[in-house]
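Residue numbers run from 1 in the order of the sequence given.
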Amino acid sequence: MIKSVSLGEEIIITAKNTVGLLADIATMLANHGINIEAASGYKTGEMARLRLITDANLDIVAELKAKKYKTVEETEVVLVDISNKPGALKVVTTELGKNKIDIYCLYVTSSSNGGSSSKMVLSTSDNEKAMALLANFIE
């Protein structure tokens, strides 16, 4: 059920939660021709936290910081291309659990038009070990 696994970088933006925040960031990325490959966002108190995987993080991080968002950071994540079918998440989470790798954050993109794969983004207690372990399940 796993098609590929690699280490990647995620942009994490923490900013005051305001209407239009994500639209502003999406516009900046679009204006630079940068594609958002995966995204997650949520509100916590007065703040918003956005997690983005793009095809060109280095090209946008400096501009995001210049916009004076509270924090803009890049963190290492595990990127897993998995089959878009029942049981795919079970394979990944079961194997990580068996090997005592804690999942700190997880989100998945999926196509509703019958796409055959999904992109899973994981932050774990040991990303390199998780990547090596999951690589054993590549079909």
Side-chain angles (χ1 to χ4, degrees):
M1 292 196 173
I2 296 176
K3 296 179 179 188
S4 69
V5 61
S6 62
L7 290 176
E9 293 290 322
E10 171 185 65
I11 300 171
I12 302 175
I13 304 162
T14 304
K16 184 171 177 16
N17 186 48
T18 58
V19 172
L21 172 66
L22 184 54
D24 181 49
I25 292 168
T27 298
M28 276 196 325
L29 293 170
N31 289 344
H32 284 81
I34 297 171
N35 186 42
I36 299 171
E37 297 176 354
S40 172
Y42 55 92
K43 177 184 176 216
T44 176
E46 297 295 315
M47 304 305 289
R49 193 161 177 108
L50 305 171
R51 295 175 173 271
L52 304 172
I53 304 294
T54 76
D55 62 359
N57 287 4
L58 290 178
D59 294 343
I60 199 66
V61 168
E63 186 169 339
L64 288 166
K65 288 180 179 179
K67 282 283 233 178
K68 301 193 179 8
Y69 291 113
K70 183 170 175 73
T71 60
V72 178
E73 57 189 295
E74 282 187 283
T75 61
E76 181 184 80
V77 291
V78 180
L79 303 173
V80 184
D81 185 16
I82 60 172
S83 298
N84 186 9
K85 59 184 179 181
L89 181 61
K90 175 185 165 253
V91 170
V92 172
T93 56
T94 299
E95 290 308 314
L96 294 178
K98 280 187 208 174
N99 287 275
K100 308 225 182 297
I101 297 173
D102 192 12
I103 299 172
Y104 297 154
C105 180
L106 174 144
Y107 52 101
V108 180
T109 65
S110 183
S111 173
S112 62
N113 64 358
S116 65
S117 69
S118 299
K119 180 183 293 250
M120 178 183 294
V121 180
L122 293 159
S123 175
T124 73
S125 57
D126 190 336
N127 288 339
E128 289 191 23
K129 183 177 176 183
M131 185 188 75
L133 173 71
L134 295 175
N136 293 322
F137 294 90
I138 294 175
E139 296 178 335

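- Inter-residue side-chain proximity for L29 and L52 is flagged as met; some heavy-atom pair is nearer than 4.5 Å.
- The shortest distance between side-chain heavy atoms of L122 and L134 falls below 4.5 Å.
- Looking at heavy atoms from C-beta onward, K3 lies out of side-chain contact with E139 at the 4.5 angstrom threshold.
- Looking at heavy atoms from C-beta onward, T14 lies in side-chain contact with R49 at the 4.5 angstrom threshold.
- A donor-acceptor pair under 3.5 Å is formed between the side chain of D55 and the backbone N or O of N35.
- When side chains are defined from C-beta on, V121 does not count as touching L106, because their heavy atoms never get closer than 4.5 Å.
- The cluster map of Ile, Leu, Val, Met, Phe, Trp and Tyr, joined by side-chain heavy atoms under 4.5 Å apart, puts V77 and V108 in different clusters.
- Interatomic distance, CZ of F137 versus OG1 of T94, reported as 9.5 Å (0.5 Å rounding).
- Shortest non-hydrogen contact noted between K119 and A38 is CD-CB, 4.3 Å.
- Panel note: side chain T124, backbone N127; a donor-acceptor pair is recorded below 3.5 Å.
- Residues E63 and I60 form a side-chain contact, since some pair of their non-hydrogen atoms from C-beta on lies under 4.5 Å apart.
- For the atom pair OG of S118 and CG of N84, the computed distance is 3.5 Å after rounding to the nearest 0.5 Å.
- Placement of I34 and I53 in two distinct hydrophobic clusters is found when ILVMFWY residues are connected by side-chain heavy-atom separations under 4.5 Å, directly or transitively.
- Rounded to the nearest 0.5 angstrom, R51 CZ and I13 CD1 are separated by 11.5 Å.
- Looking at L50 and I12, their side chains never come closer than 4.5 Å, going by heavy atoms from C-beta outward.
- Side chain of N57 to main chain of E74: no donor-acceptor pair is present (N/O by atom type, distance under 3.5 Å, no hydrogens or angles).
- Using a 4.5 Å heavy-atom threshold, the side chains of T109 and E37 count as separate.
- Cluster membership check: I2 shares its hydrophobic cluster with L7, using side-chain heavy-atom separations under 4.5 Å among Ile, Leu, Val, Met, Phe, Trp and Tyr.
- D24 places no side-chain N or O within 3.5 Å of a backbone atom of G20 that could act as its donor or acceptor partner.
- Note that CG of L21 is 12.5 Å distant from NZ of K43, once rounded to the nearest 0.5 Å.
- For the side chain to side chain contact (heavy atoms under 4.5 Å, CB included) test, residues two or more places apart in sequence or in another chain that qualify with K85 are M1, S83.
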